[in-house]
Number of protein chains: 2
Amino acid sequence: MHPEFEKYLKENTNLTPDDIHHISSKAVGKTLRRNELLLQSGNVCKQKVFIAKGLLRTYSIDANGNEHILQFAPEHSWTLDVESYDKEIPAETNMGAVEPTEVLLWHKDDFNNLLSEVPELNKLSQQIISRNIYYSRQRMLTTLSATPEEKYDDFIQRFPKLLTRLPLRMIASYLGISIKTLTRIRHNQLQR
Amino acid sequence: MHPEFEKYLKENTNLTPDDIHHISSKAVGKTLRRNELLLQSGNVCKQKVFIAKGLLRTYSIDANGNEHILQFAPEHSWTLDVESYDKEIPAETNMGAVEPTEVLLWHKDDFNNLLSEVPELNKLSQQIISRNIYYSRQRMLTTLSATPEEKYDDFIQRFPKLLTRLPLRMIASYLGISIKTLTRIRHNQLQR
DNA sequence: GAAAAACGTGGTCATTTGACCATAATCAGC
DNA sequence: GCTGATTATGGTCAAATGACCACGTTTTTC
């Protein structure tokens, strides 16, 4: 049904084939073109999103029109605007495709049913939440303590596969530094 | 038994007096002097912490000896090093008292038992986790997008009561700006 | 495959920021 | 209440950073 997703579950959980099909059967697939939005600021995030292929980003736009990227979600990861999803309030962020992307979507009600029907899915879900918490903390610490160059190096270490798929300005936006600073760093690193 | 804590639960949950006493009975109280550490980097965080009175901070020290503050936890809030607590691995952060502080501590096993025995406590716990997630996101966004002055103003708005209890250098450390920048901002704001 | 859009880099310059130091005021602890 | 430690502020200066602009290259898109 959704082969990439089933492969992901097979590799990352102890779910039975039956459960996998059950979960999979509640999902709706969607294809996004480059730059297409999956969630627009002001709308409520009503779905859990699994990225089967491609790359999404979550970002917000400030008063000066500058984008600030909160998250990248590549294939085999999940994303959503938690607060909007939980509280059913308008999102303050946008979610868009960095490159052509295929996602699976579950409506909140369906997913909640699955969570109570399938304990192993619940466990996976908790794991993902935990990992996000740990990483957010780490990211905050890096943001507070590292120099721009250290942030960039950390990014490369952590997301080596994203490096070539993202325009530099998005990396800069994710790291909270200007693109000028980033090209300067790259320039200096080439010298060595 | 622990009047501040019981007051907190009475005001913030629907727990029955019996449950409240039950939860309270598993807690151990501890008094911290100013600057005393509750958790030291390298040790495992084995307890959930409720602050009955006073103010804790969670911070890490970087290679240059600079402190970076991840969290302030004033009275009637909870804290812990999540990753260390969950995985039972050494913490990379310190937790110390900013001012004389009284805390309640629950050992992990005891707290887990309480969570399964008392559904309403579980609900509270989930709420607290959710709020932390929402706030972390917001903080990251502010950190990425705001000017130092905006960060400071945001801090005042969000934690008006902490302003007078914290040395400026800790606010600067929390905001990720130098104390020099902070005094400059304050100087400018006085002029107006 | 051609036109248009997006991208990475570099130059210049003004501004912001931080490091270091000194000083006066305030606070903590006995 | 006194003493020593901590704190907030300000000066100076160097370095880092960002805004703006231009240009050549690469990538999209139709």
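This structure is a prediction, so every number in the text was calculated from the model and none was measured. Chain letters run A, B, ... following the sequence lines, proteins first and then strands; every chain starts at 1. Just so you know, these numbers use all the heavy atoms, side chains as well, and skip hydrogens, waters and symmetry mates.
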Minimum-distance pair of heavy atoms, taken over all atoms of B:A52 and B:E75: O-CB, 3.6 Å
Examine D:dG18: is either OP1 or OP2 under 4.0 Å from a nitrogen or oxygen in the side chain of A:T181? Give yes or no. yes
Can you tell me how far CD of A:Q47 sits from CG of A:L80, rounded to the nearest 0.5 angstrom? 10.0 Å
Return the value, rounded to whole Å, for the distance between atom CG of A:N64 and atom P of D:dA19. 9 Å
Taking only side-chain N and O atoms of A:H187, does any of them lie within less than 4.0 angstrom of OP1 or OP2 on C:dG10? yes
Which heavy atom in A:A97 sits nearest to a heavy atom in A:L56, and how many Å separate them? CA-CD2, 3.7 Å
Tell me which of B:R184 and B:R33 sits closer to the 5' end of DNA chain C, going by the nucleotide each one is nearest to. B:R184
Between B:Y59 and B:R57, is there a cation-pi geometry (under 6.0 Å to ring centre, at most 45° from the normal)? yes
Can you see whether A:F111 has A:K26 sitting over its ring - NZ or CZ less than 6.0 Å from the centre and within 45° of the normal? no
What are the two closest non-hydrogen atoms of B:E99 and B:G54, and how far apart are they? OE2-CA, 3.6 Å
In whole angstroms, how far is the P atom of C:dA6 from the CD atom of A:E67? 12 Å
Taking the six-membered ring for Trp, are A:W78 and A:Y85 closer than 6.0 Å centroid to centroid? no
Using a cutoff of under 3.5 Å, can you pull out all pairs of nitrogen or oxygen atoms linking the protein to nucleotides 26-29 of chain C, with atom names and distances?
unit_1	atom_1	unit_2	atom_2	d
C:dA28	O3'	B:R34	NH1	3.4

N or O in side chain of A:T183 less than 4.0 angstrom from C:dT9 OP1/OP2: no
Taking only side-chain nitrogens and oxygens of B:R186, does any of them come within less than 4.0 Å of OP1 or OP2 of D:dA8? no
By nearest nucleotide on DNA chain C, pick out whichever of B:N66 and A:K180 is the more 5' one. A:K180
Rounded distance (Å) that lies between atom P of D:dG18 and atom CG of A:L182: 10 Å
Assess whether side-chain hydrogen bond (donor to acceptor under 3.5 Å, both in side chains) is satisfied between B:H76 and B:E11, documenting all intermediate values. CA-CA 11 Å; B:H76 288 204; B:E11 288 172 0; 5.0 Å; no
Sorted by number, the residues of residues 160-173 of chain A with heavy-atom contact under 4.0 Å to DNA chain C: A:P167, A:L168, A:R169
Considering residues at least two apart in sequence or located in another chain, which fulfil the ring pair (Phe, Tyr, Trp, His ring centres under 6.0 Å) criterion with B:F155? B:F159, B:Y174
